[in-house]
Amino acid sequence: MAEQLIPLPRIAAFENLGLGLFVHWGLYSQFGVGEWTQKIHKRPVAEYEKIAATFTAADFDAEDLARTAKNAGMNYIVLTTRHHEGFSLYDCCGLNDFDAVHSPAKRDLVAEFVAGCRKYGIRPFFYHTMIDWHWEGQETVNLSEKDFGRYLDYLCASVEILCKNYGEIGGFWFDGTWSRPKSDWQLGRLYGLIRKYQPETIIVNNTGLEHLGEYGHPEVDSVTFENNSAKPMNRTGCTKYIAAEVCKTMNYHWGRSENDFAFLSPRDVIEKAAHSRGCGANFLLNIGPEAQGRIPDYERSVLAILGKWVALYREAIYEPRPVTGVKCPGRDFILQAGKTYYYFAFDLDRQGDSNVMQSAHASALRGVCNFFTGKVKSACWLDDQSAVEIVQNPDAGVLSFYTPGFTYGSNTVVRVLKIETK
């Protein structure tokens, strides 16, 4: 049965990472109209190649990136080592010269990225496209099966460089098999290559917007929900325990877009991060650095606010896991770590003077059904350690308590109650 599956150590460790930062950065960042500009805006390859001559990476600071992620409570970063445009941030070692080393940057930016991550205890993950709009001047979706086979040789050689030249890697994040659903992508060959050099790395393959959270090849360690909300994992039919991850972009583009103002608010980010953990999924939040690698001010600010929220509720975010059979009101949920439970409360009211607050209520009743059969020992809010009185009927499995509204001057969006049991 799926419920009896036990995660491999590397998968359990991945789940404990909890929060991660996705970074979409490449030549497309200089156009400032999104990462798919070459395809959508029909830019010829020859024209597109010209912007490589202005790629300096002058503002890219790998240590600053890693430090920013760490302060936001994130434990891993996924960097686009090569996106669909075919330009690589790493040294291609002679496979081609369409890379950062042969641009005005004259640096192996992936090497810098890995070094920055290691300094701050961040796990480096490599995003790598499976498709290419530049290879031999063609789009891989249009290749004959014979030429596609040659392209796969090039793809495997590219991934082998990443496997061999940068030390231990936290994971590989692939994207693009959805572009040729009828072709043989030789995934066993690719994943076998990775296992040869990086046996404990996490393998993620984005199955695309039409196949969210689907499980594919047995070497895949985590499914992903691209730009959507997580759902509790159904591991029925899986040959091993599979993790889950939500990757969410800050606005409507993954790469920098000058005139996309539809950003997530800090409230949105906190709620989505919490909801992901409630479903047992990691939360991977994307940013699109500016043309030469600088972290934009808004994204930096949102990450800082997320970090403050994480600091208040840290012990509830990483290792606790969802509890089956729990029914909470609204969007609330409970996580468990041993005999300790964490109740995540959404949509709390506010306390205060009605002359300065449009809606102010002292408290609201919350309830949990079909859950606690043991005796509650104590309960308190994690942020201020204030005690909460729990009323329960262990035989019926019913637990309830009153939640005071946020006091004037405070609103953490999602508040976490710590419940200790005997």
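Residues: numbered from 1 along the sequence shown. Hydrogens, waters and symmetry mates play no part in the numbers below; they use all other heavy atoms, side chains included.
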Expected output: side-chain Thr340 to main-chain Glu420 donor-acceptor under 3.5 Å
no
Taking the six-membered ring for Trp and the full ring for Phe, Tyr or His, determine whether the centres of Phe22 and Trp173 are under 6.0 Å apart.
yes
Side chains of His84 and Glu35: do they bring a donor and an acceptor to under 3.5 Å?
no
Would you call Arg256 and Glu299 a salt bridge, using N to O less than 4.0 angstrom?
no
With a 3.5 Å distance limit and no angle check, can you tell me whether Arg277 reaches the backbone of Ile317 through a side-chain donor-acceptor pair?
yes
Examine the side chains of Asn206 and Tyr127 and answer whether a donor and an acceptor come within less than 3.5 Å of each other.
no
For the pair Gln198 (side chain) and Gly167 (backbone), establish whether a donor and an acceptor sit closer than 3.5 Å, ignoring hydrogens and angles.
yes
Step by step, would you call Leu79 with Phe126 a side chain to side chain contact (heavy atoms under 4.5 Å, CB included)?
CA-CA 5 Å; Leu79 176 68; Phe126 293 162; 5.6 Å; no
If the threshold is 4.0 Å, N to carboxylate O, is there a salt bridge linking Asp64 and Arg67?
yes
We want to know whether Tyr318 and Glu15 form a side-chain donor-acceptor pair, criterion being a heavy-atom distance below 3.5 angstrom.
no
Parallel, tilted or perpendicular, as decided by the 30° and 60° cut-offs, for the rings of Trp133 and His83:
perpendicular
Begin with the C-alpha distance, continue with both residues' side-chain angles, and end with the deciding distance and a verdict on side chain to side chain donor-acceptor pair (under 3.5 Å) for Thr37 and Arg43.
CA-CA 7 Å; Thr37 181; Arg43 301 182 188 273; 2.8 Å; yes
Any luck finding a side-chain donor-acceptor pair between Trp25 and Glu290 under 3.5 Å?
no
Measure from NZ or CZ of Arg180 to the centre of the six-membered ring of Phe148 and say whether it is under 6.0 Å with the direction within 45° of the ring axis.
yes
Asp132 vs Tyr151, side chain to side chain donor-acceptor pair (under 3.5 Å): CA-CA, chis, key distance, verdict:
CA-CA 9 Å; Asp132 200 314; Tyr151 166 73; 4.6 Å; no
For Gly26, is there any backbone N or O sitting under 3.5 Å from a side-chain donor or acceptor partner on Glu85?
no
Side-chain donor-acceptor pair under 3.5 Å between Thr68 and Arg300, yes or no?
yes
If only side-chain N and O atoms count, and only distance matters, is there a donor-acceptor pair under 3.5 Å linking Tyr90 with His128?
yes
Under the 3.5 angstrom rule, does the side chain of Asn282 hit a backbone N or O of Leu19 as a donor-acceptor pair?
no
Between the side chains of Tyr408 and Arg350, does any donor sit under 3.5 Å from an acceptor?
no
Any salt bridge between Asp97 and Lys106, counting N to O under 4.0 Å?
no
Is the backbone of Glu200 close enough, under 3.5 Å, to the side chain of Arg195 for a donor and an acceptor to pair up by distance?
no
Side-chain donor or acceptor of Thr80 paired with backbone N/O of Val23 under 3.5 Å:
yes
Looking only at side chains, do Tyr28 and Gln38 share a donor and an acceptor under 3.5 Å apart?
no
Sub-3.5 Å donor-acceptor pair from the side chain of Asn286 to the main-chain atoms of Trp254, do we have one?
yes
Looking at Asp384 and Arg415, is there a salt bridge between them, counting it only when a charged N and a carboxylate O are closer than 4.0 Å?
yes
Do the charged groups of Arg294 and Asp61 touch, with an N to O distance under 4.0 Å?
no
Heavy atoms of other groups near Glu389 CD, more than 12 under 6.0 Å:
no
Could you tell me whether the side chain of Asp268 and the main chain of Ser265 form a donor-acceptor pair under 3.5 Å?
yes
